[in-house]
Structure formats: structure tokens, C-alpha cells
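A short worksheet on the structure shown next.
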Amino acid sequence: MNELFTLLSGKVDFDKVRIGEMGYTTLNVEADLSDYTAISAHCPARLQIRIHRPVLLLGYMNGSSPWTPSAGCGFLIDDQPLGMLFGAFERTKTIRLEAGTYRLEITAINPHWKHSLFLIKEIT
């Protein structure tokens, strides 16, 4: 099996879940994250993924997201918080996940212009 993960289900507030692209704007991540694959999920979002090999995963706000301290997005994995982000280029802590099925969620105080995503890469 060559796939790192399989998207089992996804529900987002705007557009659709996209892998490796944003869809509604240009994917814009910092250079040190360029080897990660983006899972674009405009908040609020609920996803379920099956990971096939150990990975690193984090929540991230695309560079197109304006800074809005009154309108953050909360990132969760299986109901466990990763962090709250408020604007462009912010990131949650990075966690290691083993092969398995996980529920990813992004909550929103106000989802307007919150270009949220998860970033994932294989541990080598």
C-alpha cells in the first residue's frame, strides 16, 4: 500500500475537503512544512481518516487567513485539543500518530476567512 492515509469521511463549512491543495485560495505554508501533505478543511470541519503508517500531524492556518483574535479555530484529534489558532501561518503542536483510524475536527468561533488545514507526513 503506497497511500499514507485514506479520507473516510469529511464535512466542511465551505467548499470540500481537498488533499494537497486549498481549492478556494492558493496553498501557502512555511518552507519548513513543505514536505507535509495538506488536508484542506475549512472550519468548522469534521473528518475521519485511516492512517496506514506512523505520521506526524499538526493543525495549521494557511497564509491567506487574516489575523482575527476574536475568531479562532480549535483543532482536535479524537476530542483531544491540539491548539487554538487565530491567523496566518500559526500552527498547533505536532503529534505522532500510529496506524489507525482518527477523527479530526476544527471548531470555529467565526469561520469567515479561516483557511484551516491539517498537515501530515510520514515518519521516516
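Please read all numbers here as calculations on a predicted model, not as lab measurements.
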What is the minimum heavy-atom distance between [X] and [Y], and which atoms define it?
X: Cys73; Y: Ile106; result: CB-CG2, 3.8 Å
X: Glu3; Y: His52; result: O-CD2, 3.4 Å
X: Leu117; Y: Ser40; result: CB-CA, 3.9 Å
X: Tyr102; Y: Leu97; result: CE2-CD2, 3.7 Å
X: Val12; Y: Ala41; result: CG1-CA, 3.7 Å

Mind listing the side-chain donor-acceptor pairs of residues 74-85 below 3.5 Å, one per line with the distance, residues two or more places apart or on another chain?
residue: Asp78; atom: OD1; partner: Arg103; partner atom: N; Å: 2.8
residue: Asp79; atom: OD1; partner: Arg103; partner atom: NH2; Å: 3.3
residue: Asp79; atom: OD2; partner: Arg103; partner atom: NH2; Å: 2.6

query = Counting only N and O atoms by type, is there a donor-acceptor contact under 3.5 Å from the side chain of Thr94 to the main-chain atoms of Leu58?
reply = no
inquiry  = Donor-acceptor pair, distance only, cut-off 3.5 Å: does the side chain of Arg53 make one with the backbone of Ile123?
reply    = no
request  = Check whether any side-chain heavy atom of Met61 lies under 4.5 Å from a side-chain heavy atom of Ser116, and answer yes or no.
outcome  = yes
pair Leu57-Phe5: side-chain heavy atoms closer than 4.5 Å = no
Non-neighbouring partners of Tyr60 that pass ring-ring contact (aromatic ring centres under 6.0 Å, His included), sequence neighbours left out = none
Spacing of [atom1] belonging to [X] relative to [atom2] belonging to [Y], to within rounding of 0.5 Å:
X: Leu4; Y: Ile51; atom1: CG; atom2: CD1; result: 7.0 Å
X: His115; Y: Ser65; atom1: NE2; atom2: OG; result: 5.5 Å
X: Leu7; Y: Ile39; atom1: CG; atom2: CD1; result: 7.5 Å

query = Would Phe89 and Trp67 show up in the same hydrophobic cluster when neighbours are defined by side-chain heavy atoms closer than 4.5 Å?
reply = no
ask   = Can you name the salt bridge (Lys or Arg N to Asp or Glu O under 4.0 Å) partners of Lys121, sequence neighbours left out?
value = Asp35
task = Take Arg91 and Leu33 through the test side-chain contact (heavy atoms from CB on, under 4.5 Å) and record every step on the way to the result.
result = CA-CA 10 Å; Arg91 61 178 85 176; Leu33 299 173; 3.6 Å; yes
